[in-house]
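This is a predicted model, so every value here is computed, not measured. Any value given below was found using the heavy atoms of this structure, including those in side chains, with hydrogens, waters and symmetry copies removed.
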Amino acid sequence: MMPGMNKKQMKQMERQMKKMGMKMEELHGVTEVIIRFEDKELIIDEPSVSLMNVMGQETYQVDGKAREVELDYEIEIPEEDIEMVANQANVSADEARQALEDCKGDLAEAIMKLNQ
(Lines give C-alpha, C1' and ligand atoms only; values in the text may rest on other atoms or scores of the structure.)
Protein backbone atom coordinates (compact mmCIF):
# COMPACT_ATOMS: atom_id res chain seq x y z
CA MET A 1 0.00 0.00 0.00
CA MET A 2 1.20 3.49 -0.78
CA PRO A 3 1.91 5.83 2.14
CA GLY A 4 -0.86 8.32 2.96
CA MET A 5 -3.63 6.48 1.09
CA ASN A 6 -6.61 4.83 2.69
CA LYS A 7 -8.14 1.61 1.38
CA LYS A 8 -10.88 3.37 -0.63
CA GLN A 9 -8.38 5.69 -2.35
CA MET A 10 -6.16 2.71 -3.15
CA LYS A 11 -9.07 0.83 -4.80
CA GLN A 12 -9.97 3.91 -6.87
CA MET A 13 -6.39 4.28 -7.99
CA GLU A 14 -6.20 0.58 -8.92
CA ARG A 15 -9.39 0.89 -11.05
CA GLN A 16 -8.00 3.94 -12.87
CA MET A 17 -4.67 2.21 -13.46
CA LYS A 18 -6.44 -0.88 -14.85
CA LYS A 19 -8.37 1.33 -17.30
CA MET A 20 -5.04 2.76 -18.52
CA GLY A 21 -3.48 -0.70 -18.96
CA MET A 22 -1.37 -0.46 -15.83
CA LYS A 23 -0.92 -3.20 -13.27
CA MET A 24 0.70 -2.73 -9.87
CA GLU A 25 1.46 -5.38 -7.30
CA GLU A 26 3.26 -5.50 -3.97
CA LEU A 27 6.22 -7.91 -3.87
CA HIS A 28 6.17 -9.85 -0.60
CA GLY A 29 9.17 -11.47 1.09
CA VAL A 30 11.79 -8.97 -0.09
CA THR A 31 14.44 -8.71 2.62
CA GLU A 32 17.04 -6.47 1.00
CA VAL A 33 17.61 -4.28 -2.07
CA ILE A 34 21.15 -3.39 -3.17
CA ILE A 35 21.94 -0.60 -5.62
CA ARG A 36 25.56 -1.02 -6.67
CA PHE A 37 27.70 1.85 -7.92
CA GLU A 38 31.32 1.72 -9.02
CA ASP A 39 32.64 2.78 -5.62
CA LYS A 40 29.74 2.26 -3.19
CA GLU A 41 26.52 0.39 -2.50
CA LEU A 42 23.17 1.59 -1.22
CA ILE A 43 21.59 -1.16 0.88
CA ILE A 44 17.92 -0.99 1.80
CA ASP A 45 17.00 -3.49 4.53
CA GLU A 46 13.36 -4.60 4.92
CA PRO A 47 12.13 -2.55 1.93
CA SER A 48 8.62 -2.22 0.61
CA VAL A 49 8.83 -3.11 -3.09
CA SER A 50 6.08 -2.66 -5.70
CA LEU A 51 6.14 -3.79 -9.33
CA MET A 52 4.28 -1.71 -11.89
CA ASN A 53 3.71 -3.02 -15.41
CA VAL A 54 2.71 -0.46 -18.03
CA MET A 55 2.29 -1.87 -21.53
CA GLY A 56 5.01 -4.48 -20.93
CA GLN A 57 7.46 -2.07 -19.30
CA GLU A 58 8.28 -3.10 -15.72
CA THR A 59 9.10 -0.46 -13.11
CA TYR A 60 10.06 -1.20 -9.51
CA GLN A 61 9.30 1.18 -6.67
CA VAL A 62 11.41 0.71 -3.55
CA ASP A 63 10.55 2.38 -0.24
CA GLY A 64 12.78 2.17 2.81
CA LYS A 65 15.75 3.64 4.58
CA ALA A 66 19.04 3.21 2.69
CA ARG A 67 22.49 2.93 4.18
CA GLU A 68 25.61 3.65 2.18
CA VAL A 69 28.55 1.25 2.13
CA GLU A 70 31.85 2.31 0.56
CA LEU A 71 33.52 -0.34 -1.59
CA ASP A 72 37.23 -0.48 -1.02
CA TYR A 73 38.83 -3.51 -2.55
CA GLU A 74 42.21 -4.31 -3.98
CA ILE A 75 42.58 -5.97 -7.32
CA GLU A 76 44.99 -8.88 -7.54
CA ILE A 77 46.98 -8.55 -10.73
CA PRO A 78 48.82 -11.68 -11.87
CA GLU A 79 52.49 -11.34 -12.82
CA GLU A 80 51.71 -12.74 -16.29
CA ASP A 81 49.34 -9.82 -16.91
CA ILE A 82 51.99 -7.32 -15.81
CA GLU A 83 54.57 -8.93 -18.12
CA MET A 84 52.17 -8.98 -21.06
CA VAL A 85 51.22 -5.30 -20.64
CA ALA A 86 54.88 -4.32 -20.17
CA ASN A 87 55.88 -6.20 -23.36
CA GLN A 88 52.96 -4.94 -25.45
CA ALA A 89 53.36 -1.30 -24.38
CA ASN A 90 57.17 -1.45 -24.20
CA VAL A 91 57.28 -0.09 -20.63
CA SER A 92 58.71 -1.20 -17.28
CA ALA A 93 56.89 -3.68 -15.04
CA ASP A 94 56.19 -0.93 -12.50
CA GLU A 95 54.53 1.25 -15.15
CA ALA A 96 52.53 -1.75 -16.39
CA ARG A 97 51.41 -2.60 -12.82
CA GLN A 98 50.30 1.00 -12.20
CA ALA A 99 48.37 1.12 -15.48
CA LEU A 100 46.63 -2.18 -14.65
CA GLU A 101 45.70 -0.89 -11.19
CA ASP A 102 44.34 2.34 -12.71
CA CYS A 103 42.32 0.31 -15.23
CA LYS A 104 41.08 -2.16 -12.59
CA GLY A 105 42.91 -5.07 -14.22
CA ASP A 106 41.64 -4.50 -17.77
CA LEU A 107 44.55 -5.58 -19.99
CA ALA A 108 43.42 -3.93 -23.21
CA GLU A 109 42.60 -0.63 -21.52
CA ALA A 110 45.98 -0.59 -19.71
CA ILE A 111 47.87 -1.22 -22.97
CA MET A 112 45.92 1.47 -24.81
CA LYS A 113 46.53 3.94 -21.96
CA LEU A 114 50.28 3.30 -22.03
CA ASN A 115 50.47 3.59 -25.82
CA GLN A 116 48.88 7.05 -25.90
Side-chain angles (χ1 to χ4, degrees):
M1 187 180 229
M2 297 181 91
M5 294 186 87
N6 64 37
K7 224 174 186 174
K8 185 177 177 183
Q9 290 172 320
M10 191 69 179
K11 286 289 183 193
Q12 289 174 340
M13 187 181 78
E14 286 174 359
R15 279 195 293 271
Q16 290 298 322
M17 289 172 63
K18 189 174 183 179
K19 285 181 185 177
M20 295 186 299
M22 299 168 66
K23 181 181 173 191
M24 187 169 185
E25 66 178 287
E26 186 83 19
L27 299 180
H28 300 285
V30 179
T31 58
E32 182 178 69
V33 173
I34 300 173
I35 301 172
R36 189 166 292 130
F37 296 89
E38 194 172 297
D39 60 343
K40 67 181 177 182
E41 290 180 343
L42 291 179
I43 300 174
I44 305 165
D45 295 311
E46 302 298 323
S48 171
V49 180
S50 299
L51 169 62
M52 185 168 41
N53 190 320
V54 181
M55 298 187 305
Q57 180 71 39
E58 290 184 343
T59 303
Y60 293 86
Q61 177 178 327
V62 180
D63 294 319
K65 186 162 175 65
R67 61 185 164 92
E68 192 172 304
V69 177
E70 295 293 323
L71 297 178
D72 188 29
Y73 55 89
E74 262 186 57
I75 299 170
E76 269 190 50
I77 301 172
E79 287 299 320
E80 308 89 60
D81 290 358
I82 294 169
E83 287 177 31
M84 183 177 4
V85 170
N87 290 337
Q88 291 290 320
N90 200 24
V91 295
S92 71
D94 288 336
E95 290 174 296
R97 176 179 281 111
Q98 185 61 50
L100 281 164
E101 287 172 0
D102 293 345
C103 298
K104 296 186 172 93
D106 187 321
L107 297 171
E109 187 179 344
I111 293 167
M112 287 174 49
K113 179 181 176 178
L114 290 168
N115 283 333
Q116 286 180 350

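Looking only at side-chain heavy atoms (C-beta outward), D63 and Q61 come within less than 4.5 Å of each other. In this structure the side chain of F37 reaches within 4.5 angstrom of the side chain of L42, judged on heavy atoms. In this structure, Y60 and L27 have side chains that are in contact, with non-hydrogen atoms separated by less than 4.5 Å. Looking at heavy atoms from C-beta onward, K113 lies out of side-chain contact with E109 at the 4.5 angstrom threshold. Taking the side chain as every heavy atom from C-beta outward, M22 and M13 never approach each other to under 4.5 Å. M17 places a side-chain heavy atom less than 4.5 Å from the side chain of M52. Contact of the S50 side chain with the E25 side chain is not registered, since no non-hydrogen atoms from C-beta on lie closer than 4.5 Å. Under the 4.5 Å side-chain criterion, counting only non-hydrogen atoms from C-beta, R97 is in contact with D94.
Closest approach of I77 and I82 over heavy atoms only: CG2-CG1, 3.7 Å. The two atoms that bring E32 and D45 nearest to each other are OE2-OD1, 3.3 Å, heavy atoms only. Residues V30 and P47 share a closest heavy-atom pair of CG1-CG, 3.6 Å. The two atoms that bring V85 and A96 nearest to each other are CG1-CB, 3.8 Å, heavy atoms only. Summarising the geometry of D39 relative to E70, their closest heavy-atom pair is O-OE1, 3.6 Å, with the distance given to 0.1 Å.
The main-chain N or O of E83 is found under 3.5 Å from a side-chain atom of N87 such that the two form a donor-acceptor pair. Under a 3.5 Å cut-off, the side chain of Q9 and the backbone N or O of N6 do form a donor-acceptor pair.
Both M20 and M10 sit in one connected hydrophobic cluster of ILVMFWY residues. Membership requires side-chain heavy atoms under 4.5 Å apart, directly or through other members.
Of the options E58, E26, M24, a side chain to side chain contact (heavy atoms under 4.5 Å, CB included) to L51 is made by E58 and by none of the others.
Remark: E14 does not engage K23 in a salt bridge, criterion side-chain N to carboxylate O under 4.0 Å. With salt bridges taken as basic N to acidic carboxylate O contacts below 4.0 Å, one links K40 and E68. Ionic pairing of E41 and R67 is not present here: no N-O contact between side-chain nitrogen and carboxylate oxygen is shorter than 4.0 angstrom.
In this structure, CD1 in I35 is found 10.5 Å from CD1 in I43, a value given to the nearest 0.5 Å. Here the CD1 atom belonging to I111 is positioned 12.5 Å from the CD atom belonging to Q116, to the nearest 0.5 angstrom. Rounding to the nearest 0.5 Å gives a distance of 11.5 Å between CD of E76 and CG of D81.
When the shell of 6.0 Å around CG of N90 is examined, it contains 12 or fewer heavy atoms from other residues, nucleotides or ligands.
No side-chain N or O of T31 forms a donor-acceptor pair with one of E46 less than 3.5 Å apart.
Taking the side-chain hydrogen bond (donor to acceptor under 3.5 Å, both in side chains) definition, one finds that E95 meets it with S92, sequence neighbours left out.
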What verdict does the side chain to side chain donor-acceptor pair (under 3.5 Å) test give for Q98 and D102, after you've listed the backbone C-alpha separation in whole Å, the side-chain angles of each residue and the deciding distance to 0.1 Å? CA-CA 6 Å; Q98 185 61 50; D102 293 345; 2.8 Å; yes
